[in-house]
Amino acid sequence: MNDVLPFPPVKDAWLHTARWRAVEATFREVCRRYGYREIRTPILEHTELFKRSIGEATDIVSKEMFTFETRGGKSLTMKPEGTAPAVRACLEHGLFSDHPVLKLYYVGQNFRYERGQKGRYRQHQQLGVEVFGAVDPAIDAEVIQLAMEFYRTIGITDQALKINSVGTPQSRAAFLEALRDYARPHLADYSQEGQQRFELNALRMLDTKDQGDLRLLENAPRLVDYLDDESKVHFEKLQSYLAEAGVAFEIDHRLVRGFDYYTRTAFEIVGTNLGAQSALGGGGRYDGLVEECGGPSTPGIGFGLGMERCMLVLDTLGIQLPVDDESPLAFIVTLGEEAKVRPAAVRLLAEIRAAGISADMDYRYKKFGQQARTADDLGARYLLVLGDGELDRGVVGLRNQTTKDQRDVPLTDIVSELQGIA
RNA sequence: GCGAUUGUAGCUCAGUCGGUUAGAGUGCCAGGUUGUGGCCCUGGAGGUCGCGGGUUCGAAUCCCGUCAUUCGCCCCA
């Protein structure tokens, strides 16, 4: 993760706190509209949780986790993803029994021990949702729709939605056998990577960028043809529900996901302008996960969207975001005898702020020009000039920073005057 | 984890063949100009030359390692 800064950086404009807040706010608003509630889980979890849920053989667990031992000898891991911790938290607090259908969202940091590059960071933030307790493909469609709605709302429209079904563990086993039978006779022609995957995790053979492998796989068996009846119906219904909701998608028969716990629905949202890191987000169904974590048999589905990648795309598309105005409305500039004028400034500032108006002052007591420059740096719209002359007359100079017009306003009226402006 | 790339002031960058006290522009601060700025002039502060080790009389410069960046691979968000 990069540092996100309080003022827009000249370079890397996407690393501006206000922009991040705007994107997070958009996500929260979309979640609110869809009926999702926020869950926050800690960064540290027992290592075992991830090993069991994500799978020992996956890249994430085998080489990408920040893991360490406590003094008591327990193994802890900084969470590499948000789903398993959410499951753990819900189990621990009995949320599954209290709420037959649970719709959750989170904004959180994930950690993966890997080489950084643009769009990929060891600490990255994900915006995600999880739904527990619903098998209806309509909820799959809703989750996908929510993700697409989020992108549409912030202004990213050139992303593509790819969907597939990875079936149940049983149907997947049958498919894997067929896939291996298909590849075995020409195994030597596959890339080194492809051959390794054939041995370790044949499903991943499909997820290759190697042109030669892609040619060899052209007539390979497809996951959809090996789905059990229920999964097949589920996938078909999902497609029709997406169509009902007006969400455009394409079926990608080679789409498989990196975690072991996915069942049936798998999807990915792919963007442009991100170089090698093209995945904006992804997710899928995980009907066996809760049980795997020691809970009751509970279906689930969710997704995670990469915050950094989202920010980068917004940046390259030059999209303006409705960022908060953090500039003070008024900035007090003091002149003249310090002992007389500074206490008056402190009092005036307190009054203005108590009235709900943002205001600031220069705490260095420099000459006028310096104070005014500080006001400009902060983007103040008005200067309140307070000198001993003004104090003697019981007024304050109200200076419009845009027009440079300045007029005296009685000290007793300045708060209501500012309220009128704001 | 693999291959390549870059790393000098807050920012953008010079720095020759290894040789004096590492420079410029910009920004910041101050003075010119005790109470009305942004221009201009003058001055000032600001540097573990990414970090650690090595070679050498001498290293920003050469070598090794390491960390970080960027690009690709793997994987993912």
Side-chain angles (χ1 to χ4, degrees), chain A residues 1-3 5 7 9-12 54 57-65 79-83 107-128 147 151 159 191-194 196-197 200-201 204 207-210 255-259 266-271 274-284 302-313 331 333-338 340-341 362 364-377 380 383-392 397-401 404-407:
Chain A
M1 144 137 189
N2 291 279
D3 296 315
L5 305 170
F7 294 93
V10 178
K11 212 174 62 171
D12 299 321
I54 301 172
T58 59
D59 283 311
I60 287 192
V61 172
S62 62
K63 63 176 190 186
E64 290 177 7
M65 297 204 302
K79 61 175 171 180
E81 60 105 31
T83 303
V107 173
Q109 303 292 336
N110 290 344
F111 301 83
R112 291 188 197 163
Y113 201 136
E114 53 188 345
R115 248 329 237 291
Q117 66 190 65
K118 189 170 188 176
R120 193 182 72 186
Y121 308 93
R122 287 191 305 210
Q123 173 174 352
H124 73 277
Q125 187 164 306
Q126 277 187 24
L127 308 172
Y151 285 120
Q159 81 284 30
S191 65
Q192 199 181 350
E193 193 63 41
Q196 277 172 8
R197 288 172 171 179
L200 292 170
N201 184 355
R204 297 219 59 82
D207 188 24
T208 183
K209 292 172 192 163
D210 187 278
L255 172 62
V256 294
R257 305 275 304 155
F259 305 160
F267 66 95
E268 232 169 64
I269 297 159
V270 183
L274 280 173
Q277 313 303 331
S278 61
L280 281 180
F303 69 70
L305 308 176
M307 186 81 182
E308 284 79 0
R309 290 183 186 178
C310 180
M311 301 308 294
L312 282 166
V313 170
F331 191 94
V333 169
T334 53
L335 295 167
E337 197 186 331
E338 184 173 352
K340 184 174 171 186
V341 113
D362 192 311
R364 300 172 306 173
Y365 200 60
K366 302 288 168 146
K367 63 184 186 180
F368 182 90
Q370 289 303 318
Q371 297 186 57
R373 204 176 300 170
T374 303
D376 285 343
D377 181 48
L383 238 47
L384 297 180
V385 181
L386 198 57
D388 14 38
E390 281 80 2
L391 271 182
D392 290 343
L398 178 65
R399 184 178 174 89
N400 183 319
Q401 283 290 73
K404 300 296 184 247
D405 290 337
Q406 184 171 333
R407 64 192 163 89

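Lettering follows sequence order; numbering is per chain, from 1.
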Gap between atoms [atom1] and [atom2], on [X] and [N] respectively (whole Å):
X: Gln123(A); N: A77(B); atom1: CD; atom2: C1'; value: 13 Å
X: Phe368(A); N: U36(B); atom1: CZ; atom2: C1'; value: 4 Å
X: Glu114(A); N: C2(B); atom1: CD; atom2: C1'; value: 13 Å
X: Lys118(A); N: U70(B); atom1: NZ; atom2: P; value: 8 Å
X: Ile269(A); N: A77(B); atom1: CD1; atom2: P; value: 11 Å
X: Phe111(A); N: A77(B); atom1: CZ; atom2: P; value: 16 Å
X: Asp12(A); N: C11(B); atom1: CG; atom2: P; value: 12 Å
X: Gln401(A); N: G38(B); atom1: CD; atom2: C1'; value: 10 Å

Between [X] (side chain) and [Y] (backbone), is there a donor-acceptor pair under 3.5 Å?
X: Gln126(A); Y: Gly108(A); value: no
X: Asp207(A); Y: Val256(A); value: no
X: Glu390(A); Y: Gly387(A); value: yes
X: Glu337(A); Y: Asp388(A); value: no
X: Arg309(A); Y: Leu280(A); value: no
X: Lys63(A); Y: Ile60(A); value: no

Collect all protein-nucleotide pairs involving nucleotides 28-31 of chain B in which both atoms are nitrogen or oxygen and the distance is under 3.5 Å.
residue: C29(B); atom: OP1; partner: Arg364(A); partner atom: NH1; Å: 3.4
residue: A30(B); atom: OP1; partner: Lys366(A); partner atom: NZ; Å: 2.9
residue: A30(B); atom: OP2; partner: Gln370(A); partner atom: OE1; Å: 3.2
residue: A30(B); atom: OP2; partner: Gln370(A); partner atom: NE2; Å: 3.2

In whole Å, what separates the [atom1] atom of [N] from that of [M]?
N: U8(B); M: G47(B); atom1: P; result: 15 Å
N: U20(B); M: G44(B); atom1: C1'; result: 24 Å
N: G7(B); M: C49(B); atom1: P; result: 15 Å
N: G50(B); M: U6(B); atom1: P; result: 13 Å
N: G52(B); M: A60(B); atom1: C1'; result: 16 Å
N: G23(B); M: U16(B); atom1: C1'; result: 14 Å
N: A45(B); M: G35(B); atom1: C1'; result: 28 Å
N: G19(B); M: U61(B); atom1: P; result: 11 Å

With heavy atoms under 4.0 Å as the rule, sort [X] into base, sugar-phosphate or nothing.
X: Arg399(A); value: base
X: Gly387(A); value: base
X: Gly389(A); value: base
X: Glu193(A); value: sugar-phosphate
X: Glu268(A); value: nothing
X: Glu390(A); value: base
X: Val333(A); value: nothing
X: Asp388(A); value: base

Please tabulate, one pair per line, each protein N/O and nucleotide N/O from nucleotides 4-10 of chain B that are separated by under 3.5 Å, including the distance.
residue: A4(B); atom: N6; partner: Arg115(A); partner atom: NH2; Å: 3.2

Strictly below 4.0 Å: does [X] bring a side-chain N or O up to OP1 or OP2 of [N]?
X: Arg120(A); N: C74(B); value: no
X: Arg204(A); N: C76(B); value: yes
X: Gln117(A); N: U69(B); value: no
X: Arg122(A); N: A77(B); value: no

Which nucleotide in U36(B), A77(B), G38(B) has an atom nearest any side-chain atom of Lys404(A):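 Minimum distance to the Lys404(A) side chain belongs to G38(B).
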Position toward the 5' end of RNA chain B (nearest nucleotide), Asp207(A) or Gly116(A):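 Its nearest nucleotide lies further toward 5', so the answer is Gly116(A).
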Residue closer to the 5' end of RNA chain B, Asp210(A) versus Met307(A) (nearest nucleotide): Asp210(A)
Out of curiosity, [X] [atom1] to [Y] [atom2], how far, rounded to the nearest 0.5 Å?
X: Asp377(A); Y: Phe331(A); atom1: CG; atom2: CZ; result: 9.5 Å
X: Arg120(A); Y: Glu114(A); atom1: CZ; atom2: CD; result: 4.5 Å
X: Arg407(A); Y: Leu398(A); atom1: CZ; atom2: CG; result: 5.5 Å

Side-chain ion pair, Arg112(A) and Glu81(A), N-O less than 4.0 Å: no
salt_bridge(Lys340(A), Asp392(A)) N-O dist < 4.0 Å: yes
Watson-Crick or G-U stems involving RNA chain B, each at least 3 pairs long, distances under 3.5 Å, ordered by first number: B:1-4 with B:70-73, B:10-13 with B:23-26, B:28-32 with B:40-44, B:50-54 with B:62-66
Side chain to side chain contact (heavy atoms under 4.5 Å, CB included) evaluation trace for Gln125(A) with Glu308(A): CA-CA 7 Å; Gln125(A) 187 164 306; Glu308(A) 284 79 0; 4.2 Å; yes
Single hit among Gln406(A), Lys404(A), Arg399(A) for side-chain contact (heavy atoms from CB on, under 4.5 Å) with Leu383(A): Arg399(A)
Closest non-hydrogen atom pair between Gly284(A) and Phe267(A), with its separation: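 Closest approach of Gly284(A) to Phe267(A), heavy atoms only: N-CE2, 3.7 Å.
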